[in-house]
There are 2 protein chains.
Amino acid sequence: MTRRARGAGPPTMADVARAAGVSSMTVSRALRRDAAVNEETRAAILDAAERLGYVFDATAASLRARRTDFIAATIPSINNANFADTVRGLTDGLAARGYQVLLGYTNYDMAEEERLVEQLLRRRPEAIVVTGGRHTARTRTLLAKAGIPVVETWDLPDEPIGSVVGFSNADAVEAMVDRFVAAGFRRIAFLGGDAARDTRGTDRRRGFLRAMAKHGLDAARLIAGGTPPISMREGAAAMAALLDRLPDTELVICVSDLAAFGALTECQRRGLAVPETIAIAGFGDYDIAGISVPTLTTIDPFPREIGRRAAELILGLLDGTVTGPRIVAIMPQLRPGGSALLPDADGAGRANAETAQKSPSAP
Amino acid sequence: MTRRARGAGPPTMADVARAAGVSSMTVSRALRRDAAVNEETRAAILDAAERLGYVFDATAASLRARRTDFIAATIPSINNANFADTVRGLTDGLAARGYQVLLGYTNYDMAEEERLVEQLLRRRPEAIVVTGGRHTARTRTLLAKAGIPVVETWDLPDEPIGSVVGFSNADAVEAMVDRFVAAGFRRIAFLGGDAARDTRGTDRRRGFLRAMAKHGLDAARLIAGGTPPISMREGAAAMAALLDRLPDTELVICVSDLAAFGALTECQRRGLAVPETIAIAGFGDYDIAGISVPTLTTIDPFPREIGRRAAELILGLLDGTVTGPRIVAIMPQLRPGGSALLPDADGAGRANAETAQKSPSAP
DNA sequence: ACAGGCTCTGTTATCGATAACAGAAACAGC
DNA sequence: GCTGTTTCTGTTATCGATAACAGAGCCTGT
């Protein structure tokens, strides 16, 4: 009696082995393209596998080989083109080497992130990528003790858990404000979310506040657009509130291009000329920034590059080429558009440098 | 000697069992909240697990229990808000029951889809969701033989592999054209991709052609915007070509809202009034449709609802509540906007009906 | 007092692959 | 011809959990 009766479940390697007249070890080797299998034998095995409709069971292989080929990744939202781009960069960089990205989203909620990370770690990923530098204490502990490479992205945390591929959101906005102040803008507002939920948004506002204080300007023009993430619609509503309350504002810096575009449409509805009457800037270099009329002045944080670099880093850490955690600094770039005019200046930093480091502190 | 030396890898249930003074079977039961564990014992076990930093190994559990709790899903692109919404609906519907969505994207490429499906099936998902009704022959075979529920979405294929949650893209556009023709439009163009790659886009064009033929109108105003998916930028470029070649066009129906918005911006750049000089319609009810100036006349295919229904269906199929494949018909709804004016009409279909059926054919 | 049921825990075998080791056959070099 | 190497294949144990079965201890009803 064979172990497997007809219809008792999908065929296993043992079934293929029997059909091909070899041992299941030989089947295993043949399917993995291990050099040490005779060409004829391999052909017979592949043929048998095809005939039986054999499908490799990655679960069993993972258990025995202690190798899942999973890379876990969490993003705040799957509906955001910036994060989607990062996932794309990550996936494309990893798929070529046979890794499968195991994706989850947190809805910008640290408690949800904790649950998600816990779930994902049970799958025994080879590495894990998370967004942002702020996490619950338990999340930090889980990640630190997981014994796998950890990469934080889209941020430069003060105390990284492991590696980092990111940039300072505060610095990026501060640099933008510097440019606008140099161009003569004074009455500048910031339009963002009101909660501490979106930590990157909060960091951007902090950069705004810091810059305004530095230049001795009034930083009280803060418009909250509701619970993050701020959509186009909420950006428009917040802009309406701003125009009603502080109509003499010269420039509105928005937490993202989506909010900025919403703000732009509100101006269009009111017949206000952008940038003549009021200027608008965004963040993220979303598609809309390059096509809207006028185009949006924004900051490109190179989302896809973040993913690509994270993938590269993980591959290095896994194959031993890279040892120890790395901080990869992404240099966001100001992209002047028609919504907030800036005089030409010599190019902002273009290179995205990678620096190795021992102690965990941002370069 | 204990089996596990210090530092010989992460702790297992056996380690927790030893620390708590019970058998590993009791640990297994305690962690799964199996009723039959004494409260005190369970507390001791959870405590030991926490102390040791134990992380459950889902791989081992999956192998033994023949239950991975994975649901595989493929979408054409992760950078598309419509598909992201479907994933959101799917994930939210499944996460509550402990399932983890295993997501992959195909880049609108059927060969890539085949590779992806093959990869995903190796993970032994409990069910699989794919986008669209067109697949390579091998993909169809793989799915049909996988022995798990298969759900095709965003389409109503002639020969479903298993279940379906979708709608006819051709019918939706045809109905839209009917409305516009009734409103007096005659010189109508269709702006879409030129390849057969995006099958949903091709179906929409087919619906356009069918409707125009039905009404005895000239359907030669077809503008190709390059390789799908058509972005905002390509929509603008295609609109430019259209305005140059066929400046007397009254209405442009675009394969998606993104293309439609790009087209709208091109008109704005040229100073053409929309909808007065030329009207524009889109597809998808993306965020941009509700906020642009003017808002876009579009069709809402209820992307999130598609995901939610797919999740519901899968849960039913897995727990036996639902038997056999189902066809769930989504009824896309026309959303009149400012970019292409329509006289009021009594509401289009609002209900999204579900119909059981035996033979695989669309209702 | 005893059968029968309930609560709780343990023992053993197993899921389907691969690591580690072993060995047969063919070939090369001297 | 003999040893050493290369090529190819097989045997056995194992990854870490859970299904299936078994049974001890205690309660309940008659």
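Labels below follow one simple rule: chain letters A, B, ... track the order of the sequence lines, proteins then strands, and each chain is numbered from 1. In this text, all values refer to a predicted model and were calculated from it rather than measured experimentally.
Taken from CD in E114(A) to OG1 in T136(A), the straight-line distance is 3.5 Å, to the nearest 0.5 Å. Here the CZ atom belonging to R140(A) is positioned 10.0 Å from the CZ atom belonging to R134(A), to the nearest 0.5 angstrom. Taken from CD1 in I306(B) to CZ in R88(B), the straight-line distance is 13.5 Å, to the nearest 0.5 Å. To the nearest 0.5 Å, the span separating CZ on R308(B) from CD on E312(B) amounts to 9.0 Å.
Atom C1' of nucleotide dA17(C) and atom CG of D69(A) are separated by 14 Å, given to the nearest angstrom. Taking atom CZ of R64(B) as the reference point, atom C1' of dA17(C) lies 15 Å away to the nearest angstrom. Distance, Y54(A) OH to dG16(C) P: 10 Å, rounded to whole Å. Following rounding to the nearest Å, R124(B) (CZ) and dC15(C) (P) show an atom-to-atom distance of 14 Å. dA17(D) atom P lies 14 Å from atom CZ of R123(A), rounded to whole Å. Atom pair M13(A):CE and dT14(C):P shows a separation of 21 Å (rounding to whole Å applied). In this entry the distance linking CZ of R66(A) with P of dA20(C) reads 11 Å, nearest Å. What separates CG of L63(A) from P of dA19(C) is a distance of 12 Å, to the nearest Å.
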In residues 56-65 of chain B, what donor-acceptor pairs under 3.5 Å come from side-chain atoms, sequence neighbours left out?
{"residue": "D57(B)", "atom": "OD1", "partner": "T59(B)", "partner atom": "N", "Å": "2.8"}
{"residue": "D57(B)", "atom": "OD1", "partner": "A60(B)", "partner atom": "N", "Å": "3.2"}
{"residue": "S62(B)", "atom": "OG", "partner": "A58(B)", "partner atom": "O", "Å": "2.7"}
{"residue": "S62(B)", "atom": "OG", "partner": "R67(B)", "partner atom": "O", "Å": "3.3"}

Would you mind writing out the side-chain donor-acceptor pairs for residues 95-108 of chain B within the sub-3.5 Å range, not counting sequence neighbours?
{"residue": "R97(B)", "atom": "NH2", "partner": "D319(B)", "partner atom": "OD2", "Å": "3.3"}
{"residue": "Y105(B)", "atom": "OH", "partner": "D92(A)", "partner atom": "OD1", "Å": "2.9"}
{"residue": "T106(B)", "atom": "OG1", "partner": "Y108(B)", "partner atom": "N", "Å": "3.2"}

All N/O pairs under 3.5 Å across the protein-nucleotides 6-11 of chain D interface:
{"residue": "dT9(D)", "atom": "OP1", "partner": "T41(A)", "partner atom": "OG1", "Å": "2.6"}
{"residue": "dT9(D)", "atom": "OP2", "partner": "N38(A)", "partner atom": "N", "Å": "2.9"}
{"residue": "dG10(D)", "atom": "OP2", "partner": "S23(A)", "partner atom": "N", "Å": "2.9"}
{"residue": "dG10(D)", "atom": "OP2", "partner": "S23(A)", "partner atom": "OG", "Å": "3.0"}
{"residue": "dG10(D)", "atom": "OP2", "partner": "T26(A)", "partner atom": "OG1", "Å": "2.6"}
{"residue": "dG10(D)", "atom": "N7", "partner": "R29(A)", "partner atom": "NH2", "Å": "2.6"}
{"residue": "dG10(D)", "atom": "O6", "partner": "R29(A)", "partner atom": "NH1", "Å": "3.3"}
{"residue": "dG10(D)", "atom": "O6", "partner": "R29(A)", "partner atom": "NH2", "Å": "3.3"}

